[in-house]
There are 2 protein chains.
Amino acid sequence: MDESDALEALAALAQPTRLNTFRLLIASEPDGVAAGELARAAKAPQNTMSAHLSVLANAGLVRGVRRGRSILYRADLARFRALVVFLTQDCCAGRADICAPLFADLATCRNSGEAADA
Amino acid sequence: MDESDALEALAALAQPTRLNTFRLLIASEPDGVAAGELARAAKAPQNTMSAHLSVLANAGLVRGVRRGRSILYRADLARFRALVVFLTQDCCAGRADICAPLFADLATCRNSGEAADA
DNA sequence: CACATAAATCCATTAATCTGGAAATATGGA
DNA sequence: TCCATATTTCCAGATTAATGGATTTATGTG
């Protein structure tokens, strides 16, 4: 993930329909959702959703594979993580003091998914 | 940080001059950088940079305070962290399995700022 | 006050993005 | 083969974003 990749990913997510679609796809991992169902969920025409999916796919954030007559889209979680890491590296590089509160914030998120554990 | 805030922040960062300016401002915390120096650093005309700073400021990612004749801009780290948390919550909510690799990725970043520690 | 510096605002031009109708392509079934 | 379904591609109009010249506002200095 270089700067150009990050810019493309940020631009892809900086659009309401695409952000919501991507969130839905993350929530739908690892099953994926067909293009038509994504269009219905977003209340958008099929060709409009297709254009949005193309933007997300070009940014590497989603991928579609044909499954019968449908094309099943899935979020690329590794790519998404790479984006988050790219962003956080800006504040972390040699500046853990600045970045530390981020780990505190994320800790809540982390624990919410773990059963009560050490 | 609601969805609308996140969209504005993403759009603000999805532009080369603004992303680089924001990264410079993070690196310059807590001192800040004057608007004119930011324009020089980005090799952009002063009014163009002013427009970009206005976008970043409206997104809450930076803030400018007058210091003599200059206006000193600083990154709003809390807001930036809120954006990262907003993004990661999508994959973390009840799905720690999906999100776990993110913490592994960020751990490198975390340790790079800490002196060898437990 | 007169002048220089720093940044924002105004404005117009250009470029990019969003949107959706219409047509094309791909798959599966009778 | 013929038809229905699912999705993409093509294309054009409408909206929004980026850019930079000229001007204006704000501040500091002599």
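Values reported hereafter were calculated over all heavy atoms of this structure, with side chains retained and with hydrogens, waters and symmetry mates removed. Bear in mind that the values here come from a model prediction, so they are computed numbers and not experimental data. Below, chain A is the first sequence line, B the second, and so on; all start at residue 1.
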- In B/S/- notation (B base, S sugar-phosphate only, - none; protein heavy atoms under 4.0 Å), nucleotides 25-30 of chain D written 5' to 3' is -SBS--
- Query: Distance-only, no hydrogens or angles: does the A:Ser28 side chain make a donor-acceptor pair with backbone N or O of A:Leu24 under 3.5 Å?
  - Reply: yes
- Rounded distance [0.5 Å steps], CZ in A:Arg63 versus CG in A:Asp76: 4.5 Å
- Query: Distance from B:Lys43 atom NZ to B:Met49 atom CE, nearest 0.5 Å?
  - Reply: 11.5 Å
- Please answer whether the main-chain N or O of B:Thr17 pairs with a side-chain N or O of B:Thr21 as donor and acceptor at a distance below 3.5 Å. yes
- Are any of B:Tyr73's side-chain N or O atoms less than 4.0 Å away from OP1 or OP2 of C:dA6? no
- Query: Rounded to the Å, how far apart are B:Ile71 CD1 and C:dT9 C1'?
  - Reply: 12 Å
- Message: Would you compute the distance between atom CZ of A:Phe103 and atom OG1 of A:Thr88 and round it to the nearest 0.5 angstrom?
- Response: 7.0 Å
- Length of the line joining A:Asn58:CG and D:dT9:P, which is rounded to integer Å: 10 Å
- CG of A:Leu87 to CG of B:Leu87: how many Å apart, nearest 0.5 Å? 7.5 Å
- Mind checking A:Ala34 for me? I need base, sugar-phosphate or nothing, with any heavy atom below 4.0 Å counting as a touch. sugar-phosphate
- Assign a letter to each nucleotide of nucleotides 10-20 of chain C from its 5' end: B, base within under 4.0 Å of a protein heavy atom; S, sugar-phosphate only; -, no contact. --------SBB
- Under 3.5 Å donor-acceptor, A:Asp5 side chain and A:Asp2 backbone: yes
- Query: Between atom CD in B:Gln46 and atom C1' in C:dT9, what is the gap in whole Å?
  - Reply: 10 Å
- Nearest-angstrom distance from the residue atom CE of A:Met49 to P of C:dG21: 15 Å
- Query: Rounding to a whole Å, what distance do you find between B:Arg40:CZ and C:dT5:P?
  - Reply: 13 Å
- Message: I'd like to know if the side chain of A:Arg74 reaches the main chain of A:Ile26, judged simply by a donor and an acceptor atom lying under 3.5 Å from each other, with no hydrogens or angles considered.
- Response: no
- Are A:Ser70 and C:dT27 close enough that a side-chain N or O sits under 4.0 Å from OP1 or OP2? no
- Message: Angle between the end axes of the helix from C:dC1-D:dG30 to C:dA30-D:dT1, five pairs per end, to the nearest 10 degrees?
- Response: 20°
- Nearest-0.5 Å distance, CZ of residue A:Arg79 to CD of residue A:Glu8: 7.5 Å
- Find the distance between CG (A:Asn20) and NE2 (A:His52) and round it off to the nearest 0.5 Å. 11.0 Å
- Message: Strictly distance-based, threshold 3.5 Å: is any side-chain N or O of A:Arg67 a donor or acceptor partner for the main-chain N or O of A:Leu72?
- Response: no
